[in-house]
Amino acid sequence: AAVLDLRTLYDPHVTLEIGGENLVLFDTPTLKLTATPDMRLGWRKGAVEIAGTLAIPRGRLEPKVIPTRPVGESADAEIVAGTLPERQLQERSMALDLQGSLDVTLGPEVTVKLPVAEASVSGNARFSWSGEPVPIGDGAFELRGEILALGQLLEITDGTISFPGSRADNPHLNIQAEREIFGNSEIRHAGVLVAGT
């Protein structure tokens, strides 16, 4: 349901309520999502207000390209010969102010498939906006699946992506993946441990 309030022409506001069960949001070769939303979106005086819940019981994400942030030189970098050309990149100011929070629940049939890994993802996190485009996350998602590392296919035995009150684009990772070692009485398992942001 959508409501457009024009009672005050110099201060219009719009409210959009999104609800339903098992709605197909995306159905493409790289992204399939079925969701149960109970969300409210509002717009007033250039601010977007977000509230409610978004449950995704089923989904499959299979990106062909993984986006990354550009990497620039460190703030303490010192040029010893020559000069750098003028920077062409400038910060763009955000036209809209984002406010509110959204509870996101994933699982039990949400999977992510990458060239080096395939895992199911489940859990719950709250994402909160207070003006910035990137929200603050609070919660965690668990991973189960397999990852290709160092030429070996490893099983994810303990995998967590958590947001301990941190920006959603910099979660805390705690992923342990290993495989059994046969024929060695001293080493039973070998693998990798990824921990940190």
Residues Thr34, Asp27; criterion side chain to side chain contact (heavy atoms under 4.5 Å, CB included); working and verdict:
CA-CA 9 Å; Thr34 301; Asp27 191 3; over 6 Å; no

Going through the checks in order, is the side chain to side chain contact (heavy atoms under 4.5 Å, CB included) test met by Arg167 and Ile136?
CA-CA 4 Å; Arg167 285 175 52 108; Ile136 299 297; 3.9 Å; yes

side-chain hydrogen bond (donor to acceptor under 3.5 Å, both in side chains) partners of Glu49, counting only residues at least two apart:
none

Does a side-chain heavy-atom distance below 4.5 Å link Leu193 with Asn174?
yes

When you group the ILVMFWY residues by side-chain heavy-atom contacts below 4.5 Å and let the links chain together, are Phe26 and Leu54 in the same group?
yes

Non-hydrogen side-chain atoms of Leu23 and Pro37 separated by less than 4.5 Å:
yes

Residue pairs passing the side chain to side chain donor-acceptor pair (under 3.5 Å) test with at least one member in residues 151-161, sequence neighbours excluded, are Gln152-Arg179

Drop me the distance from Ile147's CD1 to Leu114's CG, to the nearest 0.5 angstrom.
8.5 Å

May I have all residue pairs that pass side chain to side chain donor-acceptor pair (under 3.5 Å) and include part of residues 108-128, sequence neighbours excluded?
Arg60-Thr111, Arg60-Glu118, Asp103-Arg126, Thr105-Asn124

Would you sort out whether Arg58 and Asn22 count as a side chain to side chain contact (heavy atoms under 4.5 Å, CB included), showing the intermediate values?
CA-CA 9 Å; Arg58 287 183 302 287; Asn22 295 317; 3.4 Å; yes

Rounded to the nearest 0.5 Å, the OG1 atom of Thr15 sits from the CG atom of Leu41 at a distance of 9.5 Å

What's the spacing between Leu102 CG and Arg40 CZ if we round to 0.5 Å?
9.5 Å

What are the two closest heavy atoms between Ala140 and Ala125, and how far apart are they?
N-CB, 4.3 Å

What do the steps show when you test Trp43 against Val48 for side chain to side chain contact (heavy atoms under 4.5 Å, CB included), and what is the final call?
CA-CA 5 Å; Trp43 179 79; Val48 174; 4.1 Å; yes

Are Leu143 and Leu153 connected into the same hydrophobic cluster when the rule is that any two of I, L, V, M, F, W, Y join if their side-chain heavy atoms are below 4.5 Å apart?
no

In terms of hydrophobic clustering (I, L, V, M, F, W, Y; side-chain heavy atoms under 4.5 Å; direct or indirect links), are Val192 and Leu173 co-clustered?
yes

With the 4.5 Å side-chain cut-off for hydrophobic clustering, are Ile156 and Leu148 part of the same group?
no

Over 60° means perpendicular and under 30° means parallel, so classify the ring planes of Phe141 and Phe163, tilted if in between.
perpendicular

Nearest heavy-atom pair of Gly191 and Leu154: which atoms, and what distance?
CA-CD1, 4.1 Å

